Amino acid sequence: MEKNTYVFGIETSCDETAAAIVKNGTEIVANVVSSQIESHKRFGGVVPEIASRHHVEQIIAVLNETLEQAGLTFKAMDAIAVTKGPGLVGALLIGVNAAKAIAFAHNLPLIGVHHIAGHIYANRLVKEMAFPLLSLVVSGGHTELVYMKEHGSFEVIGETRDDAAGEAYDKVARTLNLPYPGGPHIDRLAAQGEDTYKLPRVRLEEGSYDFSFSGLKSAVINTVHNAEQRGEEIVPENLAASFQASVVDVLTEKTIRAAKEYGVKQVLLSGGVAANKGLRTSLENAFADFKSIELVIPPLFLCTDNAAMIAAAGTILFEQGKRDGMDMNGHPGLDIEAF
Ligand code: KG4
Ligand code: ZN
């Protein structure tokens, strides 16, 4: 019988302090996420200094709870994987240094993981990957179409030229006086409204897989301001539905087109905005006609930031022999094609 591989993952790139243990890259043994959202809410977004302080306060408890949940010690681990970028540098450093300390104390291989690679590999905790594949990565900081011909190989074929999809959701939510993070609130309102406001679909040049959401965000803000000036009431449910329809239409259309052009076997949805019900339904409907392409959508707890996805991606890097040294640093702008 082959020996099992246990990888301990740590994620602190933004506002969740998270740790997890994953067996053989596919099975969650323990998964702990401590969210700081409540502390950032009153500022309407993540405050980097506050994020770092929370990570420092939470990390030891999160690490211990993860081992406790699994009923394992670090002795049973084969490697320590940690998000080394992109993200807030002060936040990344807490996870990176915790990982280094564990690796040093227990003589374990240390593996730095790209946060977006982690989001993509969250899918492997649901379904074995089949290559070539395409992942639509939609989060608070990223909107990308990533082509993978094999494990550990990432080619960005399209990305946002301005705001990320999640960022646009959060800004539009703020305009509608909804709490941070606004994505889930817009999603909920959208389900109660109709696409009555005529908002643009930004498709850019013919054939481009890039995205742009800042014009759409401005269109929503202008709609609200114009209504205020005219003394008219806006219907938040309808505005949310119209905004969501525009985002979802463009994301779905480009994903389908890229999946066909690149002849992929699978399409994986990844990142926090993958929790969006409108987007999930739209992709499910669009791919229902393409029997040769399998659509994989992770459950909600694997869409938002967590460390199981980092351990899953870390397992592949571990198996490929990739290692980081004790000089590993946090990289706020880490490139997925080169990490
Ligand atoms: O991946 P994630 O947890 O953190 C980053 O790496 O950015 O994504 C967070 C983003 C936020 O912008 C949040 O508003 C958005 O995901 N989000 C959603 C939904 N749930 C979370 N956006 C739209 N609809 C949702 N249901
Ligand atoms: Zn993320």
Side-chain angles (χ1 to χ4, degrees), residues 9-18 20 31 33-37 40-41 44-46 48 51 55 82-88 91-92 95 113-123 135-144 146 159-160 163-176 178-193 213 216-217 220 240-241 243-248 250-252 268-283 297-310 312-313 332-334 336:
I10 300 175
E11 153 65 40
T12 63
S13 69
C14 190
D15 59 350
E16 331 278 354
T17 317
N31 188 31
V33 180
S34 165
S35 173
Q36 317 171 352
I37 283 176
H40 298 286
K41 239 180 192 163
V46 176
H55 287 308
V82 61
T83 307
K84 65 176 174 184
L88 303 167
L92 289 166
V113 177
H114 191 286
H115 182 75
I116 297 303
H119 272 301
I120 295 172
Y121 271 89
N123 285 279
S135 184
L136 171 64
V137 184
V138 272
S139 76
H142 294 261
T143 303
E144 282 159 19
V146 180
E159 62 193 329
T160 185
D163 291 352
E167 196 179 350
Y169 264 95
D170 294 338
K171 286 177 180 166
V172 163
R174 215 164 158 172
T175 307
L176 295 175
L178 297 166
Y180 174 84
H185 296 282
I186 298 275
D187 195 9
R188 180 177 43 77
L189 281 184
Q192 298 158 16
F213 295 110
L216 173 62
K217 174 196 69 191
V220 172
F243 166 74
Q244 179 144 310
S246 170
V247 174
V248 166
V250 174
L251 290 175
T252 305
L268 315 179
L269 186 57
S270 323
V273 184
N276 187 271
K277 291 193 193 64
L279 179 60
R280 296 166 86 96
T281 309
S282 167
L283 287 173
I297 303 186
L300 298 189
F301 79 99
L302 289 174
C303 293
T304 45
D305 287 351
N306 65 84
M309 67 187 200
I310 302 304
L334 190 65
I336 195 169

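Just follow the structure's listing: the first ligand is 1, and inside any ligand the first atom is 1. For clarity, every value in this text was computed on a predicted model and none was experimentally measured.
- Distances shorter than 2.8 Å separate the Zn ion (ligand 2) from the protein N/O/S atoms H115 NE2, H119 NE2, D305 OD1.
- In summary, the atoms of ligand 1 found under 4.0 Å from a heavy atom of G140, numbered by their order in the structure, are 5 (C), 7 (O), 8 (O), 9 (C), 10 (C), 12 (O).
- Scanning the protein for heavy atoms near atom 18 (C) of ligand 1, the closest one is G183 CA, 3.6 Å.
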Chi angles and distances behind the side-chain contact (heavy atoms from CB on, under 4.5 Å) call for T143, V273: CA-CA 9 Å; T143 303; V273 184; over 6 Å; no
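- Across all their heavy atoms, S13 and A91 have their closest contact at O-CB, 3.9 Å.
- Ring centers of Y169 and F213: at least 6.0 Å apart, outside the cut-off.
- Within ligand 1, the atoms closer than 4.0 Å to a non-hydrogen atom of P181 are 14 (O), numbered from 1 in the order shown.
- Taking every heavy atom of V273 and a limit of under 4.0 angstrom, the matching atoms of ligand 1 come to 15 (C), 16 (O), 18 (C), 22 (N), 23 (C).
- Only side-chain heavy atoms of H115 come within less than 4.0 Å of ligand 1; its backbone N, CA, C and O stay farther off.
- Those atoms of ligand 1 with a heavy atom of A275 less than 4.0 angstrom away are 20 (N), 26 (N).
- Side-chain atoms of V33 and D305, non-hydrogen and from C-beta on, never get closer than 4.5 Å to each other.
- Using a 4.0 Å cut-off between heavy atoms, D305 contacts ligand 1 through both its backbone and its side chain.
- The distance from the CZ atom of R280 to the OG1 atom of T252 is 13.0 Å, given to the nearest 0.5 Å.
- Heavy-atom distances between H119 and ligand 1 reach below 4.0 Å in at least one pair.
- The shortest heavy-atom contact between G271 and S139 is CA-CB, 4.2 Å.
- Between D187 and ligand 1, at least one pair of N/O atoms sits closer than 3.5 Å.
- Inclusion of N276 in the set of residues having an N or O under 3.5 Å from an N or O of ligand 1 is warranted.
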Worked verdict on Q36 versus T17 for side-chain contact (heavy atoms from CB on, under 4.5 Å): CA-CA 8 Å; Q36 317 171 352; T17 317; 3.8 Å; yes
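- Residue, atom and distance of the protein heavy atom nearest to atom 12 (O) of ligand 1 are D170 OD2, 2.7 Å.
- For ligand 1, the atoms closer than 4.0 angstrom to any heavy atom of T304 are 3 (O).
- H114 and L334 make their closest contact through NE2-O, 3.0 Å (heavy atoms, listed as atom of the first residue, atom of the second, distance).
- With sequence neighbours excluded, no residue satisfies salt bridge (Lys or Arg N to Asp or Glu O under 4.0 Å) with K277.
- In this structure, a donor-acceptor pair under 3.5 Å is absent between the side chains of E11 and N306.
- Using a 4.0 Å heavy-atom cutoff, G141 is listed among the residues neighbouring ligand 1.
- Summarising the geometry, atom CG belonging to D170 is positioned 10.5 Å from atom CG belonging to L178; distances are rounded to the nearest 0.5 Å.
- Separation of atoms CD1 (I186) and CG (L176) is listed at 5.0 Å; rounding is to 0.5 Å.
- Close contacts between ligand 1 and G166 involve ligand atoms 12 (O) [criterion: under 4.0 Å to a heavy atom].
- At the shortest separation from atom 17 (N) of ligand 1 among protein heavy atoms lies G272 O, 3.6 Å.
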Full working for side-chain contact (heavy atoms from CB on, under 4.5 Å) between V137 and I120: CA-CA 7 Å; V137 184; I120 295 172; 3.9 Å; yes
